[in-house]
Amino acid sequence: MASPTQTAYAVVLMFDLLEEKDRPRTAAMLADHVKENGTHLTTGFVGTPYLCLVLSRFGYTDLAYELVLQKEYPSWLYSVLQGATTIWEHWDGIKPDGSFWSDNMNSYNHYAYGAVGDWLYRIAGGIELIEPGYKKIRIQPQPGGQLTWAEASYSSVYGPIRSAWSKLADGSLELKITVPANTTAELVLPSGQRGRILESGEALDHVSGVLSAEENAGVRKLTIGSGNYRFTIA
């Protein structure tokens, strides 16, 4: 990379501007860059929307969670801990001493850095579009970080899509899903979950909404029809 910055790495990986053989190595360089900066991002308006998505795509979801939950400046939670209820234009729009980044160029409700919401919906919540209009969706929440639960919903043209997961006291994972009418969902359960899977207390082969099921390399993939489901994964 002529300009070895987090933004440069994120953009070329997001838009497949590198030959496929070079992408894993470049993703590792991006991850190293983040770690070398004390698990802080150094991206601006261009790179921030793609940074966590790229990290998750190449197997660094744990690092993406560390970035999202980072509390020290620059970070998303820095502004939250300063009292923000919307995302600021500048990482330090209000400094620790209460002074402003700028008096006349300082939006406190700015989408650019709030674009991390895309990652929260697609990775933490696990709601992903497969076919236009959400006719077919993928539900693949990826729990991580210090989170013990997450919930996301999207109002599609077919109705609300909901994905909510929580870690139970016995170590199992509970996943509640709503699939709208006239749609199907591909449910991908977290990697490494090899325990028993139940839906509302019933084995999968007794659940009419499960259209198909397969397992490969420890990952279980189910195709489910419309309805409300409550899965528990040991």
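Since the model is a prediction, treat every value here as computed from it, not as a measurement. Nothing fancy with the numbering, it's 1 onward along the sequence.
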Test item: [X] and [Y] side chains (from C-beta on) under 4.5 Å apart, heavy atoms:
{"X": "Leu51", "Y": "Leu30", "value": "yes"}
{"X": "Val46", "Y": "Val11", "value": "yes"}
{"X": "Ile233", "Y": "Leu189", "value": "yes"}

Same apolar cluster: Phe58 and Leu55, side chain cutoff 4.5 Å: yes
Met29 with Leu41, same ILVMFWY side-chain cluster at under 4.5 Å: yes
Mind checking what makes side chain to side chain donor-acceptor pair (under 3.5 Å) contact with [X], not counting sequence neighbours?
{"X": "Ser212", "value": "Thr223"}
{"X": "Thr148", "value": "none"}
{"X": "Asn182", "value": "none"}

Thr61 and Gln142 side chains, donor-acceptor separation under 3.5 Å: yes
Ring pair (Phe, Tyr, Trp, His ring centres under 6.0 Å) partners of residues 4-44, not counting sequence neighbours, each pair once: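 Qualifying pairs, neighbours excluded: Phe15-Tyr50.
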Pairs involving residues 147-170, ordered by first then second residue, that meet ring pair (Phe, Tyr, Trp, His ring centres under 6.0 Å) (sequence neighbours left out):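 Residue pairs passing ring pair (Phe, Tyr, Trp, His ring centres under 6.0 Å), neighbours aside: Tyr134-Tyr154.
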Which pairs with one or both residues in [range] pass salt bridge (charged side-chain N to carboxylate O under 4.0 Å, His left out), sequence neighbours excluded?
{"range": "residues 68-94", "result": "Asp92-Lys95"}
{"range": "residues 10-22", "result": "Asp16-Arg23, Asp16-Arg57, Asp22-Arg25"}
{"range": "residues 128-142", "result": "Arg122-Glu128, Arg138-Glu186"}
{"range": "residues 142-151", "result": "Glu151-Arg162"}

Who pairs with [X] by ring-ring contact (aromatic ring centres under 6.0 Å, His included), at least two apart in sequence or on another chain?
{"X": "Tyr121", "result": "none"}
{"X": "Trp91", "result": "Trp76, Tyr113"}
{"X": "Trp119", "result": "Tyr65"}

Sub-6.0 Å ring centroid separation between Phe45 and His110: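 Between Phe45 and His110, the centre distance is under 6.0 Å.
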